[in-house]
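This report concerns only the one structure given below.
Predicted, not measured: the structure shown is a model, and the values here were computed from it. These numbers come from the heavy atoms of this one structure, side chains and all, not from hydrogens, waters or symmetry mates.
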Amino acid sequence: MVDAIVLYPSSGRGHLNSMVELGKLILKHHPSFSITILILSEPKTNTNYTAPNYVASSTTQYITTVNSTTPSITFHHLSPVSEVPPSTASPVELCYLIPRLNNPNLHQTLKTISQTSKLRAFIIDFFCDSAFEVASNLDIPTYYFFTSSPSGLAAFLYRPTLHKKVDNSLKDLHGNMLLDDIPGLPPIRVSDMPNTMFDRTSSKVYQYFLNTATHMAKSNGLLVNTFDLLETKAIKAICGGLCVTDGPTPPIFCIGPLISNTNQDGEEHECLNWLNSQPSRSVVFLCFGSLGSFSEKQLKEIAVGLANSGQRFCGCFGLNDSEDGFVSATELEKRVRELMDSEVGTEVRERVSSLRDEAVAAVKEGGSSHVALAKLAELWRQN
């Protein structure tokens, strides 16, 4: 029977892209494994949430392209679900609800794959946390693929401990109060923590994240899209068992960075054509994530600050109605000039260049990420 690895991303191109790159990485170094990526069935919803990441046609085109360039990766679409999520569900709630609605079909799919293959590992997105119990009931080794930073993972794993130590929602505490006991992290102001993750009363999201942190600690291992030298304090805190205080910490495998070297959608974007024509190290890149957005007032301040800085820049900006965390054009201009024109900025840019070189070394043969993946593959073969 063939040794199979099943990957399970949540909805959205960003999550699917990461899992595809993980699958390609495994096949590149360990081609004896069979890689199957499960695609969630999207139920009809009564919400007006239409973020670009969730456009079905974009995902379909992406899968078609991957099929043609990497035919050794198999995509399996879960059967349609008939149940409709509640119309009051927030976007983050839907990220958790949709996988849960797919659980019966997931259970049958994993059983079917296990009949013809030796299912060595089931790797899930943390939004697909409901799949953990399905896989556990089938006695399938389950891993989480965490694509955010080690610092984020440290805070995430520490959530159950924080839940026990703090009686109130963090949003109810004074905004300038510092959380100074999260292992591996510097002190963080309460006001800088995500409201949806730390508000015990506003929605089900708090409990979803809490359950995910608990299940992650009980999993067979955590794959992280980073390399050892990028955030050493956070990684040491996790590996040292400081973030999971009520039991053992699962093994951590820093296997990144995973970066796509090709444009899976075809033509190169005009922004990249422009970027490639600029002098080396002359462009400020502003990255706020695929769902990052600002109020119209804040966007205007960003535009004015960038224009007044006199620096070339490239970025992607979304629009929303929030007025949180306002930053003035003057402050932004100051920070951009400091980054590009001052001695302090030069030191920062040199450090970033050094980390880039360390990232390249990590994924080469004998590098920390290459070794971590080899250990993981050997662990799978022994299951």
Side-chain angles (χ1 to χ4, degrees), residues 3 5 7 9 14-35 37 66 69-70 72-73 120-126 141 143-154 156-157 183-185 216 219-243 249-264 280-281 285 287 347-383:
D3 290 336
I5 308 294
L7 312 181
H15 296 266
L16 176 58
N17 290 2
S18 299
M19 282 294 190
V20 166
E21 293 305 318
L22 176 59
K24 289 161 63 176
L25 178 71
I26 295 171
L27 288 173
K28 177 182 178 181
H29 297 288
H30 306 279
S32 62
F33 288 116
S34 167
I35 301 293
I37 298 179
V66 175
T69 58
T70 316
S72 49
I73 292 180
R120 297 293 186 178
F122 181 45
I123 304 175
I124 64 178
D125 185 299
F126 73 88
Y143 299 76
Y144 283 78
F145 183 32
F146 195 82
T147 56
S148 295
S149 68
S151 293
L153 178 59
F156 204 85
L157 291 173
L185 272 66
M216 289 174 76
S219 70
N220 292 82
L222 306 175
L223 285 65
V224 190
N225 185 17
T226 190
F227 58 100
D228 285 347
L229 294 179
L230 185 59
E231 293 185 53
T232 55
K233 288 184 179 180
I235 293 172
K236 287 180 179 179
I238 298 170
C239 295
L242 301 180
C243 299
T249 300
I252 309 297
F253 301 92
C254 297
I255 58 169
L258 298 180
I259 302 173
S260 175
N261 293 322
T262 58
N263 182 1
Q264 298 286 2
S280 176
R281 303 183 183 184
F285 178 52
C287 179
E347 291 178 1
V348 170
R349 288 185 286 127
E350 288 178 350
R351 177 57 179 152
V352 170
S353 295
S354 174
L355 287 171
R356 176 202 59 196
D357 295 339
E358 290 170 354
V360 172
V363 298
K364 288 184 176 180
E365 186 172 356
S368 61
S369 296
H370 184 273
V371 171
L373 181 63
K375 290 181 179 178
L376 184 58
E378 184 61 28
L379 182 64
W380 290 338
R381 293 189 180 98
Q382 294 172 357
N383 285 338

*How far apart are the closest heavy atoms of Ala237 and Pro183, and which atoms are they?*
CB-C, 3.7 Å
When the side chains of residues 354-376 are checked against the rest of the protein, which donor-acceptor pairs come out under 3.5 Å, sequence neighbours left out?
from, atom 1, to, atom 2, distance (Å)
Ser369, OG, Cys254, O, 3.4
Ser369, OG, Gly256, O, 2.5

*asked:* Using 0.5 Å steps for rounding, measure from the OG1 atom of Thr70 to the CG atom of Leu27.
replied: 8.0 Å
*How many angstroms lie between CD1 in Ile73 and CD1 in Ile5, if you round to the nearest 0.5 Å?*
12.5 Å
*Report yes if the side chains of Ile235 and Val224 come closer than 4.5 Å at any heavy-atom pair, otherwise no.*
no
*Restricting to pairs with a member in residues 229-238, which pass side chain to side chain donor-acceptor pair (under 3.5 Å), not counting sequence neighbours?*
Ser151-Glu231
*Kindly write out the residues that satisfy side chain to side chain donor-acceptor pair (under 3.5 Å) with Glu347, not counting sequence neighbours, or none if the list is empty.*
none
*Under the salt bridge (Lys or Arg N to Asp or Glu O under 4.0 Å) test, residues paired with Asp3 that sit two or more places apart*: Arg120
*Any chance you could lay out the side-chain contact (heavy atoms from CB on, under 4.5 Å) test for Phe146 and Leu222, step after step, and finish with the verdict?*
CA-CA 7 Å; Phe146 195 82; Leu222 306 175; 5.8 Å; no
*asked:* Please report the interatomic distance CD(Glu378) to NE2(His30), rounded to the nearest 0.5 Å.
replied: 9.0 Å
*asked:* Run the ring-ring contact (aromatic ring centres under 6.0 Å, His included) test against Phe253 and tell me which residues pass, sequence neighbours left out.
replied: none
_Rounded distance [0.5 Å steps], CD1 in Ile35 versus CG in Leu25_ = 9.5 Å
*Is there side-chain contact between Leu153 and Met216, with at least one heavy-atom pair below 4.5 Å?*
yes
_Side chain to side chain, Leu379 and Tyr143, heavy atoms closer than 4.5 Å_ = yes
_On a heavy-atom basis, which atom in Arg381 and which in Ser32 lie closest, and how many Å separate them?_
NH2-OG, 3.7 Å
*Nearest-0.5 Å distance, CG of residue Asn220 to CH2 of residue Trp380*: 11.0 Å
*Could you check Ile238, Thr226, Asp228 and say which one makes a side chain to side chain contact (heavy atoms under 4.5 Å, CB included) with Ile252?*
Ile238
*Check Asp125 against Met19 and note the closest heavy-atom contact, atom names and distance.*
N-CE, 3.5 Å
*Atom pair CG/CD1 of Leu223 and Ile26 - distance to nearest 0.5 Å*: 7.0 Å
*asked:* On a heavy-atom basis, which atom in Pro9 and which in His15 lie closest, and how many Å separate them?
replied: CB-O, 3.7 Å
_With sequence neighbours excluded, residues passing ring-ring contact (aromatic ring centres under 6.0 Å, His included) with Phe122_ = Tyr8
_Could you go through Leu16 and Ile37, starting from their C-alpha distance and side-chain angles, then the distance that decides it, and tell me whether this counts as side-chain contact (heavy atoms from CB on, under 4.5 Å)?_
CA-CA 9 Å; Leu16 176 58; Ile37 298 179; 4.1 Å; yes
*Please tell me if the side chains of Thr147 and Phe126 come closer than 4.5 Å, counting only heavy atoms from C-beta onward.*
no
